[in-house]
Amino acid sequence: MKKTFSFLLLILTSSITISQEKNSNTEITKIIVVRHAEKIDDGSKNPSLSDIGKLRAKKLDMLFADLKLDALYSTPFSRTTETLQPIANSRNLEIINYSPNNKNFSQNLLLNQKGKTIMIVGHSNTCPDLVNSLINETKFNPLNENEYGKIWIITFKNGQLIDCVLLNY
């Protein structure tokens, strides 16, 4: 019985090692796209987050607390930057501004962030467009202005799309 168990353990260990060696060339890139949290209605073009939005931003940080993030991207607006700020603070990461009007952003992202996990915060109209560009398919429509808490998780393996999931938080 001991010999059989030892033999099975040896085979299992060998298969795990072989599997890891085969996958050592595997490059997984995860891109997490988030619509910014609730904003105050002050009539300005660059409102900050409301108190509820600030709580949602903290929940976002808690939700992804166990996930290693390599980079954070935000449009240059208060509400998007403030949505990422708790994550940036807890991980000591810089928030990189991007222009949602840059048509090459998604392709540059895929080239420059290979093998990394990044989070991008945008707007009700820019997040679905960005996701559609990344997956090379028109699948998602602009969100309603009062629709917050959307998260897309897009996974690429060796540069090829393997999964796109839409979640609510």
Side-chain angles (χ1 to χ4, degrees), residues 26-40 45-169:
T26 300
E27 186 175 68
I28 302 295
T29 305
K30 286 203 179 286
I31 300 176
I32 303 161
V33 179
V34 180
R35 197 259 164 119
H36 67 76
E38 291 85 346
K39 60 188 177 186
I40 58 173
K45 292 187 179 194
N46 192 16
S48 292
L49 293 182
S50 66
D51 289 341
I52 292 172
K54 290 174 185 173
L55 285 174
R56 186 183 296 276
K58 288 178 184 175
K59 287 180 184 177
L60 185 66
D61 182 34
M62 290 177 4
L63 181 65
F64 288 100
D66 293 328
L67 183 66
K68 180 186 178 295
L69 291 169
D70 298 296
L72 304 174
Y73 288 85
S74 168
T75 62
F77 293 94
S78 296
R79 58 196 175 273
T80 52
T81 302
E82 291 173 14
T83 299
L84 273 178
Q85 200 61 60
I87 292 172
N89 291 347
S90 69
R91 294 151 194 257
N92 199 27
L93 287 173
E94 176 187 345
I95 298 172
I96 304 163
N97 284 335
Y98 77 97
S99 170
N101 298 324
N102 180 350
K103 298 298 178 195
N104 297 319
F105 176 67
S106 62
Q107 295 314 311
N108 290 337
L109 200 61
L110 290 172
L111 289 174
N112 298 326
Q113 298 293 341
K114 284 182 180 178
K116 296 182 179 177
T117 300
I118 63 166
M119 184 176 286
I120 305 167
V121 175
H123 307 270
S124 61
N125 58 336
T126 66
C127 286
D129 285 348
L130 177 59
V131 173
N132 288 338
S133 177
L134 287 165
I135 66 172
N136 201 26
E137 180 183 347
T138 305
K139 185 174 180 179
F140 299 102
N141 295 317
L143 303 172
N144 292 326
E145 186 59 30
N146 62 353
E147 196 171 3
Y148 301 94
K150 295 291 185 185
I151 300 173
W152 289 263
I153 301 175
I154 308 159
T155 307
F156 296 88
K157 180 178 178 183
N158 296 328
Q160 299 297 312
L161 175 70
I162 60 169
D163 196 24
C164 178
V165 178
L166 174 60
L167 304 170
N168 293 294
Y169 79 105

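Because the structure is a prediction, the values reported are computed rather than measured.
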I need the minimum non-hydrogen distance between [X] and [Y], along with the two atoms involved.
X: Ser90; Y: Asp61; result: OG-OD1, 2.9 Å
X: Arg35; Y: Val121; result: C-CG1, 4.4 Å
X: Pro47; Y: Ser78; result: O-CB, 3.6 Å
X: Arg79; Y: Leu49; result: O-CD2, 3.5 Å
X: Leu84; Y: Ser74; result: CD1-CB, 3.9 Å

| Do the ring planes of Tyr98 and Tyr73 sit parallel (below 30°), tilted (30 to 60°) or perpendicular (above 60°)? | perpendicular
[X] versus [Y]: any side-chain heavy-atom pair under 4.5 Å?
X: Ile32; Y: Thr117; answer: yes
X: Trp152; Y: Lys150; answer: yes
X: Leu72; Y: Ile96; answer: no
X: Phe64; Y: Lys59; answer: no
X: Leu110; Y: Phe156; answer: yes
X: Leu111; Y: Leu109; answer: no
X: Asn125; Y: Leu143; answer: no

| Are side-chain N/O atoms of Lys114 and Thr29 paired as donor and acceptor at under 3.5 Å? |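 The answer is no; no qualifying pair exists.
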| query | Just checking, any donor-acceptor pair under 3.5 angstrom between side chains of Thr75 and Thr80? | reply |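 Side chains of Thr75 and Thr80: pair found under 3.5 Å.
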Can you give me every donor-acceptor pair (side chain of residues 126-134, partner residue at least two apart or in another chain, under 3.5 Å) with its distance?
unit_1, atom_1, unit_2, atom_2, d
Thr126, OG1, His123, N, 2.8
Asn132, OD1, Lys139, N, 3.0
Asn132, OD1, Phe140, N, 2.9
Asn132, ND2, Pro128, O, 3.2
Asn132, ND2, Phe140, O, 2.8
Ser133, OG, Ser106, OG, 2.5

| task | Evaluate the criterion side-chain contact (heavy atoms from CB on, under 4.5 Å) for residue pair Ile120 and Val34; output intermediate values, then yes/no. | result | CA-CA 6 Å; Ile120 305 167; Val34 180; over 6 Å; no
| query | Is the cationic atom of Arg56 (NZ for Lys, CZ for Arg) positioned less than 6.0 Å from the six-membered ring centroid of Tyr169 and within 45 degrees of its normal? | reply | yes
To the nearest 0.5 Å, how far apart are [atom1] in [X] and [atom2] in [Y]?
X: Ile162; Y: Lys157; atom1: CD1; atom2: NZ; value: 6.5 Å
X: Phe105; Y: Asn112; atom1: CZ; atom2: CG; value: 10.0 Å
X: Ser50; Y: Ile52; atom1: OG; atom2: CD1; value: 5.5 Å

| task | For the pair Phe77 and His36, evaluate side-chain contact (heavy atoms from CB on, under 4.5 Å) and give the outcome as yes or no after the intermediate values. | result | CA-CA 10 Å; Phe77 293 94; His36 67 76; over 6 Å; no
Got more than 12 heavy atoms from elsewhere within 6.0 Å of [atom1], [X]?
X: Asp51; atom1: CG; result: no
X: Ile28; atom1: CD1; result: yes
X: Asn136; atom1: CG; result: no

| task | Take Ile95 and Leu93 through the side-chain contact (heavy atoms from CB on, under 4.5 Å) test and state the conclusion after the steps. | result | CA-CA 7 Å; Ile95 298 172; Leu93 287 173; over 6 Å; no
| Going through the distances and angles, do Ser48 and Glu82 end up as a side-chain hydrogen bond (donor to acceptor under 3.5 Å, both in side chains)? | CA-CA 7 Å; Ser48 292; Glu82 291 173 14; 3.1 Å; yes
| message | Closer than 3.5 angstrom, by distance alone: can the side chain of Thr83 be matched with the main-chain N or O of Ala37 as a donor-acceptor pair? | response | yes
| Donor-acceptor under 3.5 Å (Asn102 side chain, Asn104 main chain) | yes
| message | Under the criterion side-chain contact (heavy atoms from CB on, under 4.5 Å), I'd like the reasoning laid out for Leu60 against Ile151: C-alpha separation, chi angles, the key distance, then a yes or no. | response | CA-CA 10 Å; Leu60 185 66; Ile151 300 173; 3.9 Å; yes
| field | Check against salt bridge (charged side-chain N to carboxylate O under 4.0 Å, His left out), Lys116 and Glu27 | value | CA-CA 9 Å; Lys116 296 182 179 177; Glu27 186 175 68; over 6 Å; no
